[in-house]
Amino acid sequence: MIAPRDDQNRGPAGKCDEPGPRPGHLELATLPPLGQILVEDGTLTADQLRQALAAQVRGGQRMLLGEVLIQMGLVDKTVLLQAVAKSRGTDFVDDPAAMFEEGAMALVPESIRREHRVCPLFLAGNELIVATADPQNYFVEELIARETGFRVRFVASPDERIDALLSDPTRAAENVNKQAEELVADLFDGADENDYQLQEKAVEEMVGFDATDDVGPVVKLVNFIICSAAAEGASDIHIEPDDGKLRVRYRIDGVLFHKLSPPYRMHAAISSRVKIMAHLDISERRVPQDGEISVRVKGKPIDLRVSTLPGKFGEKIVMRIVDVSAAKLGLERLGFRPQMLERFRRVIDEPYGIVLVTGPTGSGKSTTLYSALGTFDTVSYNVSTVEDPVEANLEGVHQAQVSPKAGFTFSGALRALLRQDPDIIMVGEIRDGETAQIAVQAALTGHMVLSTLHTNDAPSAITRLQNLGVEPFLVAASLKGVLAQRLVRRICSQCKQEFEPDAQQLSSLGEHGNGVTRLWKGTGCRKCHETGLSGRLGVYELMVPDEALVDVISTDPDPAKIRETLRKGGFEGLWDDGVRKVLDGLTTIEEIYGACRR
């Protein structure tokens, strides 16, 4: 991490350790920051620190506590440097070569670099990051700031690492990239590197580093990670540092798979590359950041939502892959059975009302809404959306992205949108009572409103709206339909085979299992990562209020009565739709059971 310095600890030039308290008086709050840190992390015991403080006083001069601890053999230089960095509010970088950019070296005169053993690492905006073995030397920090005209931020690094960089910076950087080059060579062995090249929007040029130059091993590795994830149909990329290890995982069809393990020392370089692509602050590693990357993989537009999260061993990076073309699949490709698809089309073709899509996070609600919007005539109708975030661009549709920090909320955006003469409105999610009230009023005043709710099934949407403060009679008057959904994995088409189900499997199908003599499963192959499952489809239940249900909602909206009314009307739930897809050979009993439990 690279954290801002703590100016409150500033002392005389180069000397910042406070004199120790009286021996024998060891209140934790009165300890110097360095001693407090060493005791808290278990490096020193209270007795050892007491002895060191007594020796510091006996020295008869202002000796640094760190010098005393090293003389007494209580800590080594690396542990001490880590503690000093922590006490001063800066960061410890064990291998500064992993963050080094050659162009930064020329910013600081050689005389200063050599005399004070400091090495500029990179420039981030107007701030120069400099490695030093003496992060307490504020005199040198201010000297570099005067000489360069930049703000300076020190990071603590072992002196031998700094000496190696100063003596031969090119070789030090090459040593860091050596493992990267070997890894990239293995990845591209027998493959066409052109398959892993990205066409990306122009990104900011850093000093000594052209972010659009696709020749470096780290750039090639990041390109490979993104391109291969897109090619394998991944929805998320996880880059996760651990204790001396680094792993990359892809989420494919809702399940995480380990992809590769780059050397841990590459983590800083990989993180910086991704941050540059996402227009994030590469020097900021203390707080989460969010950004976006827009690329084309083999001519196909792909958007990535980038999220960073600080952790014990470094920043974890997660990239959500938004396939712009996949977001507009069309309703017929989502897995609807013909009868349900026809009913859903009739619901969204209503001239006014509210239609809800429910389900947990990651159940495909946004894709369903986008596909529904694709059925509307955007030439004759004014179609608008309010989203967080905008997942994909829809031609002919005005899309607004909320910004809570700026005060632009769902309710505020929806209220403003109603003054824009809309015909069809899509609200990304109904999260609060105000948004729910405005959406229902819009539906009652001649607008078609599409939105999502986080409920487990379709009937629960009625209760949820009432909990948000919408009167039952308004729900009954405005609600045209509720679609609840889950995503399940398909049986792999390449290794699919029939089998004869046993008694337990038939029993789990209930009445649907009567007369069934065969089912299907995948045996596992390379395409499906030996899981027997590849790709996903939706499992749905569609609730369309009839006169009987409208009467119940208006007069006595008890959940038990709602479900009883639906049952009498022949309502089929998620389990029923899922079982039918098992019998059709599209998925497995295990997938349906897992999905319908959520």
Practice problem: Answer yes if the side chains of Ser493 and Lys527 hold a donor-acceptor pair under 3.5 Å, and no otherwise. | Solution: yes
Quiz item: Closest heavy-atom contact between Val449 and Ala439?
Solution: CG2-O, 3.8 Å
Practice problem: Walk me through it: do Ser271 and Ile317 pass the test side chain to side chain contact (heavy atoms under 4.5 Å, CB included)? | Solution: CA-CA 7 Å; Ser271 175; Ile317 297 175; 3.8 Å; yes
Exercise. With rounding to the nearest 0.5 Å, note down the distance linking CG in Leu537 to CD1 in Ile491.
Key: 10.0 Å
Self-check item: Donor-acceptor contact below 3.5 Å, side chain Ser451 vs main chain Val427
Solution: yes
Quiz item: Can you tell me how far CZ of Arg153 sits from CD1 of Ile129, rounded to the nearest 0.5 angstrom?
Solution: 4.5 Å
Practice problem: Report yes if some heavy atom in the side chain of Arg526 is under 4.5 Å from a heavy atom in the side chain of Gln494; otherwise report no. | Solution: no
Practice problem: Kindly say whether Arg489 contributes a backbone atom to a donor-acceptor pair with the side chain of Asp253 at under 3.5 angstrom? | Solution: no
Self-check item: Step-by-step side chain to side chain contact (heavy atoms under 4.5 Å, CB included) determination, Leu542 to Val482
Solution: CA-CA 6 Å; Leu542 178 60; Val482 182; over 6 Å; no
Self-check item: Donor + acceptor pair across side chains of Tyr370, Glu387 (<3.5 Å)
Solution: yes
Exercise. Drop me the distance from Lys496's NZ to Cys528's SG, to the nearest 0.5 angstrom.
Key: 13.0 Å
Quiz item: Do Thr308 side-chain atoms and Gln289 backbone N/O form a donor-acceptor pair below 3.5 Å?
Solution: yes
Quiz item: How about Ile252 and His529: do any of their side-chain heavy atoms sit closer than 4.5 Å?
Solution: yes
Quiz item: So do Thr452 and Ser366 actually touch side chain to side chain, heavy atoms under 4.5 Å?
Solution: no
Exercise. Please step through salt bridge (Lys or Arg N to Asp or Glu O under 4.0 Å) for the pair Lys316 and Asp242, ending with a clear verdict.
Key: CA-CA 9 Å; Lys316 176 178 178 179; Asp242 204 341; over 6 Å; no
Self-check item: Check: His267 side chain, Pro241 main-chain N or O, donor-acceptor pair, under 3.5 Å
Solution: no
Quiz item: With Glu232, which of Arg251, Arg249, Lys259 fulfils salt bridge (charged side-chain N to carboxylate O under 4.0 Å, His left out)?
Solution: Lys259
Self-check item: Verdict with supporting geometry, Val322 and Leu304, side chain to side chain contact (heavy atoms under 4.5 Å, CB included)
Solution: CA-CA 6 Å; Val322 180; Leu304 297 103; over 6 Å; no
Practice problem: Measure across Val539 and Val488 and return the closest heavy-atom pair with its distance rounded to 0.1 Å. | Solution: CG2-CG2, 3.7 Å
Quiz item: Quick one: does Lys275's side chain get under 4.5 Å of Glu315's, heavy atoms only?
Solution: yes
Quiz prompt | Test applied, side chain to side chain contact (heavy atoms under 4.5 Å, CB included); reference residue, Arg490; option that passes from Thr587, Leu586, Leu533 | solution = Leu586
Quiz item: Does Arg305 CZ have over 12 foreign heavy atoms under 6.0 Å away?
Solution: yes
Quiz item: Are Glu591 and Arg536 close enough for a salt bridge, meaning some N to O gap below 4.0 Å?
Solution: no
Quiz item: Between atom NZ of Lys245 and atom CZ of Arg247, what is the distance when rounded to the nearest 0.5 Å?
Solution: 8.0 Å
Self-check item: Check: Met448 and Ile348 side chains under 4.5 Å, non-hydrogen atoms
Solution: no
Quiz item: Run the side chain to side chain contact (heavy atoms under 4.5 Å, CB included) check on Val355 and Leu483 step by step: do they pass?
Solution: CA-CA 8 Å; Val355 178; Leu483 180 74; 5.9 Å; no
Quiz item: Quick one: does Thr375's side chain have a donor or acceptor within less than 3.5 Å of a partner on Ser371's backbone?
Solution: no
Quiz item: Minimum heavy-atom separation for Asn382 to Asp421, with atom names?
Solution: ND2-O, 2.8 Å
Quiz prompt | Donor-acceptor contact present, side-chain Glu350 to main-chain Lys480, <3.5 Å | solution = no
Quiz item: Which heavy-atom pair separates Ser411 from Ile438 by the least distance, and what is that distance?
Solution: O-CD1, 3.6 Å
Quiz prompt | Distance-only donor-acceptor check, side chains Ser384 and Gln420, under 3.5 Å | solution = no
Quiz item: Take atom CZ in Arg337; do more than 12 heavy atoms of anything else shown fall under 6.0 Å from it?
Solution: yes
Quiz item: For Tyr381, what residues pass the ring-ring contact (aromatic ring centres under 6.0 Å, His included) criterion, not counting sequence neighbours?
Solution: none
Quiz item: Hey, does the side chain of Gln401 reach the backbone of Val390 with a donor-acceptor pair shorter than 3.5 angstrom?
Solution: yes
Quiz item: Quick one: does His454's side chain get under 4.5 Å of Thr361's, heavy atoms only?
Solution: yes
Exercise. Mind checking the CG-CD1 spacing from Leu260 to Ile225? Nearest 0.5 Å is all I need.
Key: 5.5 Å
Quiz item: Looking only at side chains, do Tyr250 and Ser228 share a donor and an acceptor under 3.5 Å apart?
Solution: yes
Quiz item: Given side chains that start at C-beta, do those of Leu121 and Val155 come closer than 4.5 Å, heavy atoms only?
Solution: yes
Quiz prompt | Ser380 (side chain) donor-acceptor with Asp377 (main chain) under 3.5 angstrom | solution = no
Quiz item: Is there a side-chain contact between Val318 and Glu240, using heavy atoms and a 4.5 Å cut-off?
Solution: no
Exercise. To the nearest 0.5 Å, tell me how far Leu280 CG sits from Asp290 CG.
Key: 8.0 Å
Quiz item: Does Lys581 pair with Asp577 as a salt bridge, N-O distance under 4.0 Å?
Solution: yes
Quiz prompt | Candidate pair Glu395 and Thr378, rule side-chain hydrogen bond (donor to acceptor under 3.5 Å, both in side chains), full reasoning | solution = CA-CA 8 Å; Glu395 185 177 355; Thr378 57; over 6 Å; no
Quiz item: Within the distance-only criterion (no hydrogens, no angle test), does the side chain of Lys365 pair as donor or acceptor with the backbone N or O of Leu356 below 3.5 angstrom?
Solution: no
Practice problem: Check step by step if salt bridge (Lys or Arg N to Asp or Glu O under 4.0 Å) holds for Glu332 and Arg345. | Solution: CA-CA 10 Å; Glu332 64 280 353; Arg345 286 187 185 278; 3.2 Å; yes
Quiz prompt | Glu498 bridged to Lys521 by N-O distance under 4.0 Å | solution = no
Practice problem: Give the minimum heavy-atom separation between Ile354 and Ala443, together with the two atoms involved. | Solution: N-CB, 3.7 Å
Quiz item: Which class fits the ring pair Phe336 and Phe344: parallel under 30°, tilted 30 to 60°, perpendicular over 60°?
Solution: parallel
Quiz item: With sequence neighbours excluded, what pairs up with Arg415 under the salt bridge (Lys or Arg N to Asp or Glu O under 4.0 Å) test?
Solution: Glu434
Quiz item: Is there a donor-acceptor contact under 3.5 Å from the side chain of Gln485 to the main chain of Ser363?
Solution: yes
Self-check item: For Thr588 against Trp520, the heavy-atom pair lying closest together
Solution: CG2-O, 4.3 Å
